[in-house]
Amino acid sequence: YKLTHEKLLAKDVLQADESPVRYLDPGRGKCATGYYWGLHAPRSGEKGDILFQWHPSRRAACLDDLLPRYTGIVQTDGYAAYDSWASKNPGITLAACWAHARRKFHEALKTGHPLAAAPLRHIQRLYQIEKTLRQTRAGPGERTRIRQADTVPILGELHQTLLGLQRQVLPRNPVGE
């Protein structure tokens, strides 16, 4: 466990998530919800590159145990505990998950907010680039080159679209969220 943990903490990029698990809490006489916090080094190619830690809560303080002394990029689902923890830990860059961002726009579109369609089109274009990279088995250099040439401009367009939406919708509107 300790060796795996140390190997993961040496990586430049990690993914973190927490999953609820019901457990019997004898002191309470009933079930409670705890969390398995997962830590993963994407595409490291090493065995044992996933680590789970049990914590009885989802508090940001759990990340002190999961990511002690870590500096680098942590990709998460946007749960507020990560923002809170990162704000107190210099050297942490949070990276969001496109699937979670896409889901919010998709839900807004389904509930009758047509302004959500434009960001979804941009995200779909990003997904298509990544699909092509996987299908062609592009190596790291080729991925970097294509992402710089094709993805960066789409991200710029998405940014402009989001700035425009920010002026059109309220923050609590499903599109604003």
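None of the values given here were measured: they were computed from a predicted structure.
For the pair Arg58 and Glu18, the tightest heavy-atom approach, listed with the atom from each and the gap, is NH2-OE2, 2.7 Å.
To the nearest 0.5 Å, the span separating CG on Leu163 from CG on Leu158 amounts to 9.5 Å.
Under the rule for a side chain to side chain contact (heavy atoms under 4.5 Å, CB included), the partners of Lys30 that lie at least two apart in sequence or sit in another chain are Arg28. With sequence neighbours excluded, no residue forms a side chain to side chain contact (heavy atoms under 4.5 Å, CB included) with Pro140. Not counting sequence neighbours, the partners of Thr161 by the side-chain hydrogen bond (donor to acceptor under 3.5 Å, both in side chains) test are His122. Applying the ring pair (Phe, Tyr, Trp, His ring centres under 6.0 Å) criterion to Tyr23, with sequence neighbours excluded, gives Trp54. The side-chain hydrogen bond (donor to acceptor under 3.5 Å, both in side chains) check on Arg22 picks up Thr33, with sequence neighbours excluded. With sequence neighbours excluded, the residues forming a side-chain hydrogen bond (donor to acceptor under 3.5 Å, both in side chains) with Glu142 are Arg145, listed by chain and number. Listed by chain and number, the residues in a side chain to side chain contact (heavy atoms under 4.5 Å, CB included) with Arg172 are Glu177 (sequence neighbours excluded).
For residues 147-168, the set of pairs meeting the salt bridge (charged side-chain N to carboxylate O under 4.0 Å, His left out) definition, not counting sequence neighbours, comprises Arg125-Glu157, Glu130-Arg147.
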Which donor-acceptor pairs under 3.5 Å do the side chains of residues 59-77 make with protein atoms, sequence neighbours left out?
residue, atom, partner, partner atom, Å
Asp64, OD1, Trp85, NE1, 3.0
Tyr70, OH, Lys11, O, 3.0
Tyr70, OH, Asp12, O, 3.0
Tyr70, OH, Ile73, O, 3.3
Gln75, OE1, Gln15, NE2, 2.8
Thr76, OG1, Gly78, N, 3.3
Asp77, OD1, Tyr79, N, 3.0

For a quick test of your reading: what N or O donor-acceptor pairs under 3.5 Å do the side chains of residues 93-121 make, sequence neighbours left out?
residue, atom, partner, partner atom, Å
Thr111, OG1, Glu107, O, 3.2
Thr111, OG1, Ala108, O, 3.0

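Side-chain contacts under 4.5 Å among hydrophobic residues (ILVMFWY), followed directly or transitively, place Leu24 with no other residue at all.
A donor-acceptor pair is defined here as one N or O able to donate and one able to accept, closer than 3.5 Å; such a pair exists between the side chain of Thr132 and the backbone of Gln128.
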